[in-house]
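Have a look at the structure below, then the notes.
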Amino acid sequence: MVNPDRIFAAFPAPSYRGNQEQALRDIRDAFQAGNDVVLVRAPTGSGKSLLARAVAGCARTVEEADPSDATGAYYTTPQVSQLDDVAGDDLLADLNIIRGKGNYTCILPEEHDTPVNQAPCVRERGYDCSVKHRCPYFSDRAIAANRDIAAMTLAYFMQTAGSEVFRKRDVVVIDEAHGLAEWAEMYATIQLGPRTIPFWDELRVPTVDSVERAARYADALAQQCTRRKDELLDQDSLTPGEVRERDRLQELIGELEFFVKDYRDPQSPTTWLVDQEPRAADRSDVNDEGDEGDTLGGPLTIKPMDPERYLQYTVWDRGNKFALLSATILNKEAFCRHVGLEPSRVALVDVGHTFPVENRPLYDVTQGKMTYDHREETLPKIGRAIVRVMQRHPEEKGLVHTHSYAIQDELESLLSDFGVGDRIRSHSRDDRDADLEAWKASDEPTVFLSVKMEEALDLNGDRCRWQVLCKAPFLNTSDSRVAHRLEQGQWAWYYRSALRTVIQACGRVIRGPEDYGATYVADESLLDCFDRARTDMPGWFQEQVDRLSVPELPAFDPGAALEGVDGGVVDGRAPQSGRWSDDTSSGGSRSSDGGGTTASEGQGEDGGGDADGEHSRTYGRTRSRRRGSSKRSPLADVWDTDG
């Protein structure tokens, strides 16, 4: 079994910094006290990856074990960028990384830029690869499977549950674990539509008016998928497109069978919800009745709530002891409840913050509410406030968290109209990574309008010195899972989720004890969130909030916002002329006395539902929860694993 006394010897760095030594001592004591799971709440700059390596080093070795004992450790994280950081850290060289097949290129001479998941070994039946021993995927997989510490994304880790290659190990370390329940819900969600079912246009999808009806349809659909998959398997060779179809069908069969089995199990703690979109108008050529005489419906989404059973199989059955690390595991009991852990077997270790609070100030530049009903009035005011913040930081790069692409587009247009568009950068949905890297590489004091970049972003030093939170990151209330929880009165969870994202965002612009970066709060709903979720704040963030102040911003002058660049030219472009250049129109910043904060108008406000169009129907079934029982996101690896 795990040997916590090895934790100091397993620490990979030559010396400790900050609170690392005390953190290791507390983690060791927590395991020695008999806890199965240790939650490590460690803020930015704590060196979580080094702590994770030390915990992994406590795992039982092959030499210490009986043949039937689990040995070694897994390190996993939901964030691809975090795994990339591990791969580039010499101190973590013994974390042996394995990724999904799609991340590797076939080395056969006749194949050109062919990913391994479309190589001849998966296209042709009985193919005997002459270079399999040198295949980059299978080499990495063999190394990771046979070394003491295997490292992978959470997506790959979950998908390999039940694998003969990646069996149960003694220790599992999950980095950035605060969103474990949400990631599990996303991975267990089943999307049934034209993008996910290869033969969608041939299906007769019924109108689904209950979870029971969804289960019957899922059962029938799984049988259809099995027949089509078997037809593909009977062929001697497949095209790359047919390989993708076969793999997707196999994945879909597993998803559907898991849902049907779990739903029909009276002991299951899972609540399932079903959303259905209207039937597409272009399918009018299909008979209006389904197989059971139902009227036909559109795409379906089948979602689990608090998928304890899914996590039991994909995570908790994979190890003997667990360490979960994050800056934002805010409430131990609530976290355990959502992931199916018994709190009495879980310890929480708090790691103190080493960054001076003076280096991470919070500023109040609130301009009103950014709820859907108030956004049209508030966003222009926030745009003007951002111009004034740019004037305050003429020679420093800034980041604006816009929360949604709709807000990003409108804000970019406003800032262009104000005359500062040539200092503004943004990203598209398809090129977000490339656009971000280009902005990070530039030395110009530009301002980046981001969407969903509150996590996994390292903007140390002069890469960014200030940021604006222009909307409280409340979950979308039109999402059926969110609506279901709020109907049950889970408002603490709602505000806690937003607070967690805010704390993550605040860590983007200050990455070390000597670093500094300011965060400006522009949405009044954030102040309400701070009040309502205060009891869940880590002490070091409470200290930041307690020092929240209203800054003295210069009068609105777009020309002054461009003074920090050579001759007013940014990246070789001259500034545009603004539509306004004075500070007399509506939307100046709040007076410096700090007054005028509007309290929340109640728990029923729209906390961020940006979805447009017709709402889908939602049906659910709730069962009593049993505690303590034995999607694609740009941050997650694809589901390609052992293929």
(request) Determine whether Tyr313 and Met158 make a side-chain contact, defined as any pair of heavy atoms from C-beta on separated by less than 4.5 Å. (result) no
(request) Salt-bridge test for Arg246 and Glu231: reply yes if a basic N is under 4.0 Å from a carboxylate O, no otherwise. (result) no
(message) Is any side-chain heavy atom of Val274 closer than 4.5 Å to one of Thr301?
(response) no
(message) As an exercise, state the distance from CD1 of Ile302 to CG of Asp275, rounded to the nearest 0.5 Å.
(response) 10.0 Å
(message) Side chains of Gln408 and Ser426 only: does a donor on one sit below 3.5 Å from an acceptor on the other?
(response) no
(message) Looking at every non-hydrogen atom in both residues, tell me the closest pair between Ser81 and Ala456 and how far apart they are.
(response) OG-CB, 3.2 Å
(message) Apply side chain to side chain contact (heavy atoms under 4.5 Å, CB included) to residues Val243 and Asn117 and explain how you reach the verdict.
(response) CA-CA 8 Å; Val243 169; Asn117 63 345; 6.0 Å; no
(message) Is a donor from one side chain sitting under 3.5 angstrom from an acceptor on the other, for Glu454 and His401?
(response) no
(request) Decide whether Glu455 and His178 meet the rule of one side-chain donor and one side-chain acceptor closer than 3.5 Å. (result) yes
(message) One thing to verify: whether Arg264 and Asp219 come together as a salt bridge, which I'm taking to mean a side-chain N less than 4.0 angstrom from a carboxylate O.
(response) yes
(message) Between Lys321 and Asp36, does any side-chain N to carboxylate O distance fall below 4.0 Å?
(response) yes
(request) Find the distance between OH (Tyr217) and CD (Gln276) and round it off to the nearest 0.5 Å. (result) 9.5 Å
(message) If we count only N and O atoms by modelled type, under 3.5 Å, do the side chains of Tyr104 and Asp140 hold a donor and an acceptor together?
(response) yes
(message) If only side-chain N and O atoms count, and only distance matters, is there a donor-acceptor pair under 3.5 Å linking Asp515 with Asn460?
(response) no
(request) Report the C-alpha separation of Leu399 and Leu459 in whole Å, then their side-chain angles, then the decisive distance to 0.1 Å, and conclude whether the side chain to side chain contact (heavy atoms under 4.5 Å, CB included) test is met. (result) CA-CA 10 Å; Leu399 177 72; Leu459 298 175; 3.8 Å; yes
(message) Does either side chain, that of Ser268 or that of Asp262, offer a donor lying less than 3.5 Å from an acceptor on the other one?
(response) yes
(message) Listing request: all salt bridge (Lys or Arg N to Asp or Glu O under 4.0 Å) pairs with a residue in residues 41-51, at least two apart in sequence or in separate chains.
(response) Arg41-Asp350, Lys48-Glu176
(request) List the steps, then state whether side chain to side chain contact (heavy atoms under 4.5 Å, CB included) holds for Val131 with Leu108. (result) CA-CA 7 Å; Val131 296; Leu108 286 168; 3.7 Å; yes
(message) Counting only heavy atoms not in Arg125 (residues, nucleotides, ligands), do more than 12 fall under 6.0 Å from its CZ?
(response) yes
(request) Could you tell me whether Arg53 and Asp94 have a side-chain N and a carboxylate O separated by less than 4.0 Å? (result) yes
(message) Does any part of the side chain of Val346, heavy atoms only, come nearer than 4.5 Å to the side chain of Lys332, both counted from C-beta?
(response) yes
(request) Flag the pair Lys440 and Glu437 as a salt bridge only when some basic side-chain nitrogen lies within less than 4.0 angstrom of an acidic carboxylate oxygen. (result) yes
(message) Which residues pass the side-chain contact (heavy atoms from CB on, under 4.5 Å) test with Arg195, not counting sequence neighbours?
(response) none
(message) As an exercise, state the distance from OG1 of Thr196 to CD of Glu251, rounded to the nearest 0.5 Å.
(response) 9.5 Å
(request) Inspect the contact between Asp458 and Arg508 and indicate whether a charged nitrogen and a carboxylate oxygen are less than 4.0 angstrom apart. (result) no
(message) Ignoring hydrogens, what is the shortest heavy-atom contact between Val351 and Pro43? Give both atom names and the distance.
(response) O-CD, 3.1 Å
(request) Report the distance from atom CD of Gln159 to atom CG of Leu154, rounding to the nearest 0.5 Å. (result) 11.5 Å
(message) Any non-hydrogen side-chain atom of Arg429 less than 4.5 Å from a side-chain atom of Tyr405?
(response) yes
(message) Salt bridge check, Arg123 against Glu242: does any charged N sit closer than 4.0 Å to a carboxylate O?
(response) no
(message) Quick check for you: to the nearest 0.5 Å, what is the distance between Tyr74 atom OH and Phe322 atom CZ?
(response) 10.5 Å
(message) Can a side-chain donor-acceptor contact be found between Glu111 and Thr105 if the only test is distance below 3.5 angstrom?
(response) no
(request) Drop me the distance from Ile197's CD1 to Glu245's CD, to the nearest 0.5 angstrom. (result) 11.5 Å
(message) side chain to side chain donor-acceptor pair (under 3.5 Å), that's the test. Do Gln504 and Thr328 meet it? Break it down for me.
(response) CA-CA 7 Å; Gln504 287 285 339; Thr328 52; 2.8 Å; yes
(request) Would you mind checking if Asp317 and Lys168 are paired as a salt bridge, meaning a charged N to carboxylate O distance below 4.0 Å? (result) no
(message) Any salt bridge linking Arg500 with Glu182? Criterion: basic side-chain nitrogen under 4.0 Å from a carboxylate oxygen.
(response) yes
(message) Just to verify, which of Tyr187, Tyr263, Tyr310 counts as forming a ring pair (Phe, Tyr, Trp, His ring centres under 6.0 Å) with Phe258?
(response) Tyr310
(request) For Thr61 and Asp170, run side chain to side chain contact (heavy atoms under 4.5 Å, CB included): C-alpha distance rounded to whole Å, both residues' side-chain angles, the deciding distance at 0.1 Å, then the answer. (result) CA-CA 9 Å; Thr61 64; Asp170 194 33; over 6 Å; no
(request) Verify salt bridge (Lys or Arg N to Asp or Glu O under 4.0 Å) between Asp69 and Arg60, making sure each step is shown before the conclusion. (result) CA-CA 9 Å; Asp69 289 337; Arg60 180 168 43 198; 3.7 Å; yes
(request) Check step by step if salt bridge (Lys or Arg N to Asp or Glu O under 4.0 Å) holds for Lys397 and Asp443. (result) CA-CA 8 Å; Lys397 297 174 75 171; Asp443 293 329; over 6 Å; no
(request) Before accepting this row, confirm whether a basic side-chain N of the pair Arg6/Glu64 lies closer than 4.0 Å to the acidic partner's carboxylate O. (result) yes
(request) Please report the closest heavy-atom contact between Trp272 and Val211, naming both atoms and the distance. (result) O-CG2, 3.5 Å
(request) Quick one: which residue pairs count as a salt bridge (Lys or Arg N to Asp or Glu O under 4.0 Å) with a foot in residues 70-91, not counting sequence neighbours? (result) Asp84-Arg99
(message) Before we go on, tell me: are the rings of His427 and Phe448 under 6.0 Å apart, centre to centre?
(response) yes
